[in-house]
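Report on the following structure.
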Amino acid sequence: MKIWKKLKFPAQEFNLENTLVNGQCFNWRKIGDHHYEGVFSKYYVQVKRDNDAYVQYSTIPPNENPEKEQLFEDQFKSYLNYDANIPELYEHWAQKDKRFSQIAEPIHGVRCLRQDPWECTVSFICSQCNNIKRITQLLETLRKTVSQIVALNQQSQFGSEICEIDQDDGTRRKIYQFPTVEQLQTATEKQLRELMFGYRAKYLVAISKQIVDKGGQNWLESLRGQPNEKIREELTSLPGIGSKVADCIALFSLDCANSIPVDTHVFQIALKLGYVKGLKKDSSLNNKLYLQIVQAFRDKFGDKAGWAHQIMFAGDLKSFQEKISNSNSANTSAQNSKKRKIDEIKDQEEEKEEEEIKVQDVDTKRETRSKRRKLN
DNA sequence: CAGGTC
DNA sequence: CCTGG
């Protein structure tokens with residue numbers, strides 16, 4: 001029998017879908033309408049919303065006394081950056097950039113999470129050339145297997161198993177905590193490769209060792225509050241972490257609300273919105289350009305530019321997914337699904353001429369290369 | 001060729 | 001470079 005706890009949280013402040021599965025974390029899965037499950041800290045958690053004013057959550061194991069319950073609630077609130085006033089920030093950003101409001105309007109309540117830095121690090125190393133579904137699957141397998149390895153090494157039956165839950169098909173599924181730095185270190189590259197981590201396996205093994213040597217979890221957490229540049233330097237010195245992954249870790253787990261992870265996707269958004277100009281046709285995302293885009297977002301949105309950026313990212317992702325699920329006919333879906341929210345905004349607007357030319361230029365190249373929808 | 005790194 | 005769509 002589940003015990004549901006209420007947490008005051010207006011829908012405009014926190015949208016489950018837009019926050020939990022928008023690509024900033026990979027530990028939540030949708031299990032129903034407005035209903036998600038995930039592994040958080042030492043708990044298996046379900047969160048749902050059936051009311052505009054609050055969300056409800058339930059944990060396994062349950063918290064057996066009010067003190068523990070309060071502790072969990074505080075921890076969960078911290079994870080959700082509970083004190084941040086998201087609607088107010090939306091309004092602020094909308095004023096900074098008129099296109100922001102158009103892009104963000106359909107996706108209210110996106111919150112940037114304050115994740116565990118270690119889990120975040122592993123997650124984004126796995127994210128390289130990968131998609132949300134597979135990353136989520138990979139991390140689930142990681143929790144399970146490392147737990148089993150740990151159990152074997154300790155000659156114990158359990159490892160870091162949390163519980164076992166019933167599934168729809170009648171079978172039971174075990175849930176495991178995310179491995180600690182020390183625990184992951186006990187896995188070999190070979191073992192991880194067998195789990196289909198591919199070339200990311202060697203990064204994980206190497207980075208576990210290096211972080212343990214630096215002081216493990218405590219060292220990672222000690223980065224919080226340090227200057228953005230310092231954090232970036234420390235992280236990129238580790239194997240498997242470049243600019244993009246470092247900025248993800250900084251933004252999603254180390255309190256750097258103005259870090260901007262620029263992946264190829266954000267790169268495209270920046271081109272569309274004219275944040276970078278004067279590029280050659282075949283410009284790739286090199287380091288200089290990366291920094292240029294980061295600066296453009298910061299100039300535009302200010303000290304929490306990273307949060308604003310994540311909303312744009314989520315919005316684009318969402319329309320992308322909707323386009324796919326809405327298209328029944330296979331022959332048109334491949335073309336239409338690629339036409340994202342940002343494109344629509346562009347279509348509606350009268351762009352400045354100089355901007356139009358550049359954007360169009362990039363478009364032409366891209367469309368031709370990947371055989372997309374016809375140009376208007 | 002992909003939500004990147006060496 | 002791993003693996004998958």
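Keep in mind that what you see is a predicted model, and the values were worked out from it rather than measured. Within every chain, numbering begins at 1; the chains are lettered A, B, ... in the order of the sequence lines, protein sequences first and strands thereafter.
No engagement by A:Ile207 is indicated, since no non-hydrogen atom pair under 4.0 Å with the nucleic acid exists. Contacts of A:Ile135 with the nucleic acid, taken as non-hydrogen atoms under 4.0 Å apart, are absent. Looking at heavy-atom distances under 4.0 Å, A:Phe124 makes no contact with the nucleic acid at all.
Here C:dT3 sits opposite B:dA2 as a Watson-Crick or G-U wobble pair (both hydrogen-bonding atom distances under 3.5 Å).
Look at CG on A:Leu285: it is 8 Å from P on B:dG4, rounded to the nearest Å. Across the protein-nucleic acid pair, A:Asn286 atom CG and B:dT5 atom P stand 14 Å apart, rounded to whole Å. Here the P atom of nucleotide C:dC1 and the OH atom of A:Tyr203 are 12 Å apart, to the nearest Å. Note: CD1 (A:Ile125) to P (C:dC2) measures 15 Å, nearest angstrom. Rounded to whole Å, atom P of C:dG4 lies 18 Å from atom CD1 of A:Ile132. The CZ-C1' distance, from A:Arg232 to B:dT5, rounds to 14 Å in whole Å. What separates NZ of A:Lys244 from C1' of B:dG3 is a distance of 5 Å, to the nearest Å. The CZ atom of A:Phe26 sits 12 Å away from the P atom of B:dG3 (whole-angstrom rounding).
The side chain of A:Leu317 sits closest to B:dG3 out of B:dG4, B:dG3, C:dC2. When distances are taken from the side chain of A:Tyr199 to each of C:dG4, B:dT5, C:dC1, the shortest belongs to C:dC1. Set against C:dT3, B:dT5, C:dC2, the side chain of A:Met196 has C:dT3 as its closest nucleotide. Of the candidate nucleotides C:dG4, B:dG4, B:dG3, B:dG3 has the atom lying nearest to any side-chain atom of A:Phe313.
The aromatic ring centres of A:Phe267 and A:Tyr290 sit 6.0 Å or more apart. Ring to ring, A:Phe100 and A:Phe301 are close: their centroids are under 6.0 angstrom apart. Taking the centre of each ring, A:Phe9 and A:Tyr82 come in below the 6.0 Å mark.
Along DNA chain B, the nucleotide nearest A:Pro239 and the nucleotide nearest A:Cys248 are compared for position; the residue whose nucleotide lies closer to the 5' end is A:Cys248. Sequence order on DNA chain B of the closest nucleotides to A:Asn22 and A:Gly240 puts A:Asn22 first from the 5' end. Judged by closest nucleotide on DNA chain C, A:Phe197 is the one of A:Lys133 and A:Phe197 placed further toward the 5' end.
For A:Glu73 and A:Lys5, the salt-bridge test fails: no basic side-chain N is under 4.0 Å from an acidic carboxylate O. A salt bridge links A:Glu164 to A:Arg172: one of the charged nitrogens lies within less than 4.0 Å of a carboxylate oxygen.
Phosphate contact (OP1/OP2 of C:dC1, side-chain N/O of A:Arg200, threshold under 4.0 Å): absent.
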